[in-house]
Amino acid sequence: MLRIALPNKGRLSEDVRELFNDAGLEVRSMGDRALTASLGGEFEAIFVRSQDIPEFVADGVADAGVTGWDLVCESGCQLEQLLDLEFGRCRLVVAAREDSGIASVDEIRGSPRVATSFPALSRSYFDRSGRKVEIVPVSGAAEIAPHLGIADIVVDLTSTGSTFRMNGLREVATILESTARLISARPAAPRSEEKTRALGELVMALGSVIRARDKRYLMANVPRAKLEQVRDVLPGLKGPTVVDILDGGTHVAVHAVVAASAVYRTIAALKALGGEGILVTRIERLMP
Ligand code: AMP
C-alpha cells in the first residue's frame with residue numbers, strides 16, 4: 001500500500017480531488033470518520049490539514065503527499081519534490097501599509113513588527129536582506145494585523161493582490177512563488193522496489209493528466225499540395241500525423257497536439273492554407 005496525504009479541506013482540496021479523479025485515482029471507499037480512503041489498486045489516501053502534510057510525509061506517516069510549496073518550504077522538512085501540479089498558484093509577499101510610504105524592502109527602517117503565519121520563511125528573508133524585524137506569528141488573516149496595531153508589515157500569500165489592496169496594503173517584495181506539489185520523504189534507507197515502482201506510477205498517472213490539460217488534439221483536412229506549409233503551422237509532438245482520405249488523393253487529414261492557447265491562431269492558419277473539417281478535442285492524458 002502506498003499512502004498519500006491529501007488536504008482534507010481548504011483551497012487545494014477540490015483541485016487535488018479533481019486531479020486524482022482525472023488520473024483514475026478517485027476516492028472509492030471512505031474509511032473510518034473519513035480520514036482515510038481507498039484510491040483503488042495499491043493507493044490509499046489519508047485526509048489531513050495542508051499545513052501538516054510536510055511533517056507527516058517527512059515522518060513516514062505517509063509515503064507521499066500533496067500540499068503547497070510554501071508550506072513545504074516553511075516546514076523546513078527534508079522532502080523531495082516529485083511533481084509540480086500547476087494549481088494553487090500564489091506568492092508569499094511582504095506588504096506594508098499604503099500610508100507608510102514604503103515601496104521597497106530597502107526603505108524599511110528601524111525594527112518593525114511583521115505579522116505572518118510563515119515565521120521561518122519571513123525570518124530567513126529579512127535576515128538575508130539585512131533588515132532587523134520582530135516576527136509576530138499569527139495563524140491566519142495577517143492582513144488585518146496593521147489595522148489592529150499588531151504589526152506594521154505583513155508577510156502573507158496572495159494570488160491576485162486584491163485582499164492586500166482592500167486592506168490598504170502595498171506589496172513591496174516577493175519572497176516565494178508557490179504551486180501545489182507532490183512530495184515524498186528523502187528516505188534514509190533505500191525504498192523497497194515495490195514502493196519505488198508505485199511512486200513512479202503515481203507520478204506518471206498525475207503527470208500525464210497535468211501535461212494534457214493545456215493541450216488540444218486538432219484534426220483537419222488539408223490539400224496534399226500544402227503539406228509542407230502545414231508542417232510549419234502544426235508542429236505536433238513529432239510533426240503532424242498524416243492520414244489518407246478516400247477522395248482521390250487531393251486532400252489528406254492531419255492530426256496534431258497543439259497548445260490550447262495556440263488553437264485559434266492554428267485554425268486561422270490552417271484555413272488560410274485551404275484547411276476544412278477542422279475538429280478540436282480535449283486530451284485526457286499525454287505521455288511523451
Ligand atoms: P488551506 O490553508 O488549506 O486553504 O491551503 C492554503 C494553501 O493554498 C496555501 O498554503 C497555498 O499553497 C495555496 N494557495 C493558493 N492560493 C492562495 C491564496 N491566494 N491565498 C492563500 N493560499 C493560497
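Indexing begins at 1, ligand by ligand and atom by atom, following the structure's order. Computed from a predicted structure; not experimentally measured.
- A salt bridge links E98 with R170: the distance from a Lys NZ or Arg NE/NH1/NH2 to an Asp or Glu carboxylate oxygen falls below 4.0 Å.
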Walk me through whether R191 and S184 qualify under side-chain hydrogen bond (donor to acceptor under 3.5 Å, both in side chains).
CA-CA 11 Å; R191 277 194 197 99; S184 70; 3.0 Å; yes

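- Although no hydrogens or angles enter the test, the distance criterion places no donor-acceptor pair under 3.5 Å between the side chain of T179 and the main chain of E86.
- Salt-bridge check for D63 with K195: passed, with a basic side-chain N closer than 4.0 Å to an acidic carboxylate O.
- Under 4.0 Å from any atom of ligand 1, one finds heavy atoms of residues K9, G10, R11, L12, S50, G68, D70, L71, G88, R89, C90, L157, T158, S159.
- Here the closest heavy-atom approach between residue P54 and residue I183 is recorded as CA-CD1, 4.2 Å.
- Between P112 and I108, the closest heavy-atom pair is CG-CG2, 3.4 Å.
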